[in-house]
A.B. asks: 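So that we are looking at the same thing, I have put the structure below in structure tokens.
By convention in this document, chain letters (A, B, ...) are assigned in the order of the sequence lines, proteins followed by strands, and residues within each chain are numbered from 1. All values below come from the heavy atoms of this structure, side chains included, with hydrogens, waters and symmetry mates left out. Just so it is clear, the structure is predicted and the values come from calculations on it, not from any experiment.
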There are 2 protein chains.
Amino acid sequence: MSDRLETTIHDIAKKLNISASTVSRALKNNPVISEATRKLINKTAEEMGYRPNTLAANFRTKRTNTIGVIVPLIHRHFFSSVISGIEEVAYKKGFTVTISQSNDLLEKESKIAQTLFANRVDGVIISIAMETTNFDHLQLFPAKNIPIVFFDRVVDEIDAHKIVVDDFGGAYRATRHLAEMGSKRIAHIGGPMNLNIYKNRQAGYLKALADSGLPTDEMLVINNNLTREQGIEAVQKLLNLPEKPDAIFCANDTTAQSVIFHLIKTGYKVPDDIAVVGFSNEPFSEMVTPSISTVRQPGFLIGIKSADLLIEQILNKQKEIEFQTIVMPTDLIIRESSARQK
Amino acid sequence: MSDRLETTIHDIAKKLNISASTVSRALKNNPVISEATRKLINKTAEEMGYRPNTLAANFRTKRTNTIGVIVPLIHRHFFSSVISGIEEVAYKKGFTVTISQSNDLLEKESKIAQTLFANRVDGVIISIAMETTNFDHLQLFPAKNIPIVFFDRVVDEIDAHKIVVDDFGGAYRATRHLAEMGSKRIAHIGGPMNLNIYKNRQAGYLKALADSGLPTDEMLVINNNLTREQGIEAVQKLLNLPEKPDAIFCANDTTAQSVIFHLIKTGYKVPDDIAVVGFSNEPFSEMVTPSISTVRQPGFLIGIKSADLLIEQILNKQKEIEFQTIVMPTDLIIRESSARQK
DNA sequence: TTGTATGCGTTATCAC
DNA sequence: GTGATAACGCATACAA
């Protein structure tokens with residue numbers, strides 16, 4: 001309840017018999033102020049327990065030094081790694097990070113966007129929800145000249161910097177690797193086709209099949225939302241085929257894990273009968289038995305890069321920029337779930 | 001660059017030949033305004049593309065509808081679960097959540113606190129860094145009547161709501177369980193004693209030993225920071241004892257996992273030679289082989305409860321409240337790493 | 001039920 | 001190098 005006692009620049013000014021503008025300038029290290037007065041002001045401010053009112057400054061300058069981050073699920077390791085990267089850069093450059101999760105729901109994502117906008121964030125970093133196919137709620141930002149950076153699940157329809165991982169290449173190498181292990185019928189459990197990342201992973205898979213001289217078979221490709229449950233459903237379907245697969249490339253590790261779990265439970269040997277590769281390199285992937293071969297995505301680096309690009313735009317708002325799509329490298333990690341003894 | 005075009009309540013007022021205050025009231029659904037004018041104003045606002053300037057409102061009301069969250073590491077599953085819970089409640093009640101991670105460093109935690117304070121968050125939810133033994137940076141909030149809620153790693157020195165898990169009980173049951181499995185020399189790898197959670201886990205361990213009629217042995221208790229590396233160091237030390245332990249209760253799952261890894265690598269059978277129990281129920285714990293017995297903490301619920309308590313305080317600032325420490329239940333999950341065939 | 005007047009704390013513009 | 005003043009957009013005490 002000691003709100004009345006909040007010291008302002010006017011209090012400091014009065015005490016020193018100078019003007020508030022001088023105090024303001026001094027506290028902002030404006031070079032126009034003489035060394036002597038600046039020191040005096042800083043000292044007095046300290047003594048009086050002055051704390052700048054960021055709210056007032058934000059209001060005045062129309063800037064908040066805040067960047068909004070929207071991710072589908074905070075506790076997904078990939079996303080929390082990206083957030084860590086963002087947070088690291090933002091913290092160093094004096095920005096605050098506001099984080100929200102869409103829970104992969106369009107409606108929530110949209111409401112979050114409204115809120116961030118209303119709170120006048122200086123910029124937005126987002127990986128869109130699985131559900132999101134309409135982007136009106138995101139047009140808000142470009143329309144008002146608020147920079148936005150997309151990562152991972154990006155949107156073609158909006159012109160902006162985009163950071164993606166080499167999904168195609170990762171999937172390609174994963175599938176080639178399965179072929180090199182002697183697999184002839186390689187199945188794919190992929191994600192929803194409205195998301196580029198899954199489209200690209202699927203394309204990499206198909207290209208690898210072609211380059212390996214293996215035929216493609218529609219029956220061997222299943223698309224769903226890549227949950228644990230759907231992974232099990234999918235593998236059951238695959239096992240019911242007249243010609244069963246001898247390898248499965250899953251578009252994420254969660255699915256790979258549930259697939260392996262089900263295969264072992266039903267008596268298959270992994271990787272001997274059926275080899276499995278996942279995608280994302282979740283922390284559990286190297287700890288489980290068999291450990292899961294997977295494709296590593298540099299989450300932390302993506303966060304750093306996204307924040308760098310965003311903050312650069314925030315600080316140079318007038319400058320016209322060439323938007324770029326940066327493809328971060330992925331690499332295949334071969335573990336037990338696919339390493340057959342030849 | 002379309003900043004000039006931002007519609008304000010004054011624009012609406014002018015257009016309708018009414019006063020800005022009426023517009024302000026109408027938009028806030030102030031019941032004093034007549035149904036007719038309210039409708040008219042809302043309609044006009046919509047037509048003119050009015051977007052309330054939250055910055056101005058915040059400045060005016062000295063409230064931001066923002067709650068600050070400080071956790072040691074965002075990507076720790078327990079913490080991201082708590083964050084999810086907080087986010088869920090906050091979102092429903094119209095609050096924005098600002099998240100920062102201290103990386104378990106006092107200095108960063110302190111700077112974050114300053115920033116949150118400067119940004120005038122309405123309240124703070126925090127689990128303190130491992131390093132934190134001095135709390136001056138947190139006194140800031142109670143001093144200015146900004147509510148703060150502690151969870152998990154709480155602070156005795158500050159009067160506030162606290163949500164903890166039943167560390168004592170969880171540790172007690174874990175250790176009793178090891179004793180019931182026939183273990184006679186149960187070791188403990190615990191965390192730093194400046195954190196209550198680890199003090200309580202250790203106390204639970206000691207009480208369980210006593211209640212099981214087992215002697216305590218100082219050599220069997222090792223305290224460190226519970227990283228993977230330190231876990232391995234610790235277990236090496238234990239294995240070098242003249243009388244080796246036949247069970248180890250670890251204060252987190254990361255340590256448990258590294259301990260098991262090392263035990264198996266050096267030829268011990270888990271749980272037969274040495275049984276292991278962890279703490280926290282990380283997602284990997286049920287996936288690894290052997291799966292890890294552990295103590296579950298209700299992270300999501302803790303988040304919900306913390307946010308509920310905080311927001312209640314924010315909304316009833318005048319009310320004098322009785323601070324409470326809420327103990328959330330833990331439960332022991334018995335898995336392969338401790339389940340001996342008797 | 002509506003209008004008038006004022007101020008929140010800071011920064012920017014202009015003057016000196 | 002410093003000062004005076006206005007303005008940002010909104011909410012509220014008070015008046016009508």
Side-chain angles (χ1 to χ4, degrees), chain A residues 2-42 44-45 48-66 94 117-120 122 144 317-318, chain B residues 2-42 44-45 48-66 94 117-120 122 144:
Chain A
S2 46
D3 277 0
R4 288 291 119 72
L5 310 174
E6 223 45 91
T7 312
T8 74
I9 52 172
H10 289 100
D11 299 329
I12 301 176
K14 205 178 295 171
K15 180 148 187 180
L16 295 177
N17 264 321
I18 55 178
S19 79
S21 2
T22 303
V23 177
S24 173
R25 291 184 186 111
L27 293 171
K28 288 277 162 190
N29 288 319
N30 187 322
V32 85
I33 298 293
S34 76
E35 180 67 14
T37 52
R38 211 188 58 228
K39 273 199 170 162
L40 178 62
I41 289 171
N42 278 318
T44 316
M48 298 179 72
Y50 170 75
R51 298 200 166 267
N53 185 332
T54 317
L55 258 44
N58 287 349
F59 170 48
R60 183 59 233 256
T61 59
K62 298 176 186 300
R63 284 207 31 202
T64 54
N65 282 306
T66 297
F117 184 82
N119 279 314
R120 299 291 198 273
D122 292 338
K144 293 291 179 182
K317 260 204 162 175
Q318 67 295 354
Chain B
S2 48
D3 276 1
R4 288 291 119 72
L5 309 173
E6 221 48 86
T7 314
T8 72
I9 52 172
H10 290 99
D11 299 329
I12 301 176
K14 206 178 293 171
K15 180 149 187 181
L16 295 176
N17 264 319
I18 55 177
S19 81
S21 30
T22 303
V23 177
S24 171
R25 292 183 186 113
L27 293 171
K28 288 277 163 190
N29 289 317
N30 187 324
V32 86
I33 299 293
S34 77
E35 180 67 14
T37 51
R38 213 190 54 228
K39 273 197 170 165
L40 177 63
I41 289 170
N42 278 318
T44 315
M48 298 179 72
Y50 170 75
R51 298 202 166 267
N53 185 330
T54 317
L55 258 45
N58 287 348
F59 171 48
R60 180 59 236 259
T61 58
K62 299 177 184 299
R63 286 212 25 207
T64 55
N65 283 304
T66 298
F117 184 82
N119 279 312
R120 300 289 199 275
D122 292 339
K144 293 291 177 183

A.B. asks: For A:Ile18 and B:His10, find the nucleotide of DNA chain D closest to each by heavy atoms; which residue's nucleotide sits nearer the 5' end?
C.D. replies: A:Ile18
A.B. asks: In this structure, how many angstroms lie between the P atom of D:dC14 and the CG atom of B:Asn30, rounded?
C.D. replies: 16 Å
A.B. asks: Does any N or O in the side chain of A:Thr64 come within less than 3.5 Å of the main-chain N or O of A:Arg120, such that one atom is a donor and the other an acceptor?
C.D. replies: yes
A.B. asks: Answer yes or no for this row: B:Phe59 ring on C:dC8 base, centroids under 5.5 Å, planes under 30°.
C.D. replies: yes
A.B. asks: Figure out the CZ/C1' separation between B:Arg51 and D:dG9, and round it to whole Å.
C.D. replies: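 In whole Å, D:dG9 C1' and B:Arg51 CZ are 16 Å from each other.
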A.B. asks: Would you please confirm or rule out a distance under 4.0 Å between OP1 or OP2 of D:dG9 and any side-chain N or O of A:Lys62?
C.D. replies: yes
A.B. asks: When all nucleic acid strands are considered with a 4.0 Å heavy-atom cut-off, which category describes A:Ser21: base, sugar-phosphate, or nothing?
C.D. replies: base
A.B. asks: Quick check on D:dT2: is either OP1 or OP2 less than 4.0 Å from any side-chain nitrogen or oxygen of A:Thr37?
C.D. replies: yes
A.B. asks: Give a yes or no on whether the backbone of A:Thr8 and the side-chain of A:Asp11 come within a donor-acceptor separation of less than 3.5 Å.
C.D. replies: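 Yes, the answer is positive, given that a donor and an acceptor are paired below the 3.5 Å cut-off.
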A.B. asks: For A:Thr8, which contact category applies under a 4.0 Å heavy-atom criterion: base, sugar-phosphate, or nothing?
C.D. replies: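 The residue A:Thr8 makes sugar-phosphate contact but no base contact.
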A.B. asks: What is the separation between atom CG on B:Asn29 and atom P on D:dA11, rounded to the nearest whole Å?
C.D. replies: 12 Å
A.B. asks: Checking all strands, does B:Ile33 fall into the base, sugar-phosphate, or nothing category for heavy-atom contacts under 4.0 angstrom?
C.D. replies: sugar-phosphate
A.B. asks: Answer with base, sugar-phosphate or nothing: what part of the nucleic acid does B:Ser34 contact at a heavy-atom distance below 4.0 Å?
C.D. replies: sugar-phosphate
A.B. asks: Which whole-number value in Å describes the distance from A:Glu6 CD to C:dG7 C1'?
C.D. replies: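 Taking CD of A:Glu6 and C1' of C:dG7, I get 17 Å after rounding.
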A.B. asks: Check the distance between C:dA12's P and A:Arg63's CZ and give it to me in whole angstrom.
C.D. replies: 11 Å
A.B. asks: Does D:dT2 have its OP1 or OP2 closer than 4.0 Å to a side-chain nitrogen or oxygen of A:Thr22?
C.D. replies: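 It does not, given that no N or O in the side chain of A:Thr22 lies less than 4.0 Å from OP1 or OP2 of D:dT2.
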A.B. asks: Side chain of B:Arg25, base of C:dG3: donor and acceptor closer than 3.5 Å?
C.D. replies: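 A donor-acceptor contact between them is present.
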A.B. asks: Rounded to whole angstroms, how far apart are CD on A:Glu35 and P on D:dT2?
C.D. replies: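 That distance rounds to 11 Å.
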A.B. asks: Without decimals, in angstroms, what is the distance between B:Asn58 CG and D:dT12 P?
C.D. replies: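 B:Asn58 atom CG is separated from D:dT12 atom P by 12 Å.
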A.B. asks: In whole angstroms, how far is the P atom of C:dT10 from the CG atom of A:Leu55?
C.D. replies: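 Checked: the CG to P distance equals 11 Å.
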